[in-house]
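To start, the structure itself, in structure tokens.
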Amino acid sequence: MIGIFDSGSGGLSVLKALRERAPQADVVYFGDLKNAPYGNKSREELGALTVLGIQKLIDEGATEIVSACNSVSVSIVLPMFEILDIPRASIIEMVGPTVSAFKGKVARVLIVATRATIESGVYQNGFRMIGISADGCVLPDLVQLIEGGGSTEDMVTMVRTALEPYRDAGYTHLLLGCTHFPLVREIFEEVLTTLSMSIELVDPAHAVADAVVARFDTSGTGRTDLMVSLESPTFERFSAECVGSACNVRTL
Ligand code: DGL
């Protein structure tokens, strides 16, 4: 069984992409809303929360893990595999598959993500490894607005303010480096249109879901078990949108 982990609703964008490719996979999902947002926490805090989150999924029967949270990618370190007693190949995180999908492309990438992701340099370093130049733009409070059910107007203003300085900078791709952001993709589309920015929007969920299908066991009965550490109407709404309303959400 595949376990998917995020701070909250964001990983549902990855679950949705996985469901499109592997409807029969058995999936257990954990959204750690009690400790959300993750994007403003330190690398050390995120490491500890990642171990706890993955352990919960293992306790529920997961044997292969998708870390659907960009903010923790840099905190997934080698000792963690010994601590959790799982093989290295049994975790897929967001950055590796996303950067790999750019191999051989000519691109200049602007990454929008949380503070933890941008300040860790994890994407910028990954892109440097394949000869692609990439810069980061922090959107520190968008996750709170999304989880808090904020208004479209507030989100548009926040995204527009962040992207306006990059308007004429010649980027070819805008990478949604936080799994929450594809849940409000239309906000980004609206802002790009308003700013007349011609740039390709990239949702990493697709590269990650491709990696999952290539490497993990996606056979099963199509069961989806959703768990959160704090009850949330926003999570209920996004989960109904992403995987259908038939799925129950358990609060741990
Ligand atoms: N969705 C997560 C990410 O991809 C975490 C967002 C947060 O909790 O700040 O970074």
Side-chain angles (χ1 to χ4, degrees), residues 3-18 29-54 56-57 65-76 91-99 109-124 126 134 136-150 155 158-159 162 174-185 187-188 201-209 211-212 226-230 232 234-235 237-239 241-242:
I4 301 183
F5 166 68
D6 182 43
S7 66
S9 307
L12 293 168
S13 61
V14 179
L15 175 56
K16 184 178 177 206
L18 178 61
Y29 182 106
F30 177 56
D32 189 14
L33 283 163
K34 198 162 83 182
N35 293 299
Y38 276 12
N40 297 325
K41 294 196 193 305
S42 70
R43 191 179 293 197
E44 292 72 24
E45 284 175 291
L46 293 175
L49 290 170
T50 303
V51 168
L52 290 174
I54 293 175
K56 269 198 176 58
L57 292 171
I65 306 293
V66 182
S67 168
C69 177
N70 296 269
S71 301
V72 307
S73 275
V74 80
S75 304
I76 298 175
I91 296 189
I92 292 177
E93 53 72 52
M94 297 301 295
V95 179
T98 305
V99 171
V109 182
L110 180 64
I111 307 140
V112 276
T114 64
R115 189 175 302 289
T117 299
I118 298 301
E119 289 185 355
S120 75
V122 62
Y123 268 112
Q124 296 93 315
C137 166
V138 176
L139 267 170
D141 301 318
L142 187 57
V143 170
Q144 283 100 307
L145 267 189
I146 295 170
E147 291 288 6
M155 290 192 223
M158 191 178 279
V159 173
L174 182 67
L175 181 80
L176 302 179
C178 170
T179 51
H180 281 74
F181 297 173
L183 298 174
V184 293
R185 186 186 171 104
I187 303 278
F188 286 88
L201 260 185
V202 180
D203 175 1
H206 299 291
V208 170
V212 172
L226 301 172
M227 307 180 298
V228 286
S229 54
L230 190 73
S232 152
T234 304
F235 186 90
R237 180 165 61 81
F238 282 126
S239 62
E241 269 172 39
C242 291

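This structure is a prediction, so every number in the text was calculated from the model and none was measured. One-based numbering, in listed order, for ligands and for the atoms of each.
Of the polar atoms of Gly39, at least one N or O is found under 3.5 Å from an N or O of ligand 1, judged by distance alone.
Here Asp6 has side-chain heavy atoms under 4.0 Å from ligand 1, and that is the only part of it that gets that close. At a 4.0 Å heavy-atom cut-off, ligand 1 touches Thr114 through the side chain alone.
Across all their heavy atoms, Leu57 and Tyr29 have their closest contact at CD2-C, 4.1 Å. Scanning all heavy atoms of the two residues, the minimum distance from Cys178 to Asn70 falls at CA-ND2, 3.4 Å. Across Ala205 and Ser13, no two heavy atoms sit closer than the pair CB-O, 3.6 Å. Minimum heavy-atom separation, Ser67 to Met94: O-CG, 3.5 Å.
For Lys41, the NZ atom counts as densely surrounded, since its 6.0 Å shell holds more than 12 non-hydrogen atoms of other residues, nucleotides or ligands.
For atom 10 (O) of ligand 1, the closest non-hydrogen atom of the protein is Ser71 OG, 2.6 Å. Nearest protein heavy-atom neighbour of atom 7 (C) of ligand 1: Tyr38 N, 3.2 Å. Protein heavy atom nearest atom 3 (C) of ligand 1, with residue, atom name and distance: Asn70 N, 3.4 Å.
Residue contact check for ligand 1: Cys178 places a non-hydrogen atom closer than 4.0 Å to it.
For the residue pair Ser71 and Thr114, a side-chain donor N or O sits within less than 3.5 Å of a side-chain acceptor on the partner.
Against a heavy-atom cut-off of under 4.0 Å, Ser7 is close to the following atoms of ligand 1: 5 (C), 6 (C), 7 (C), 8 (O).
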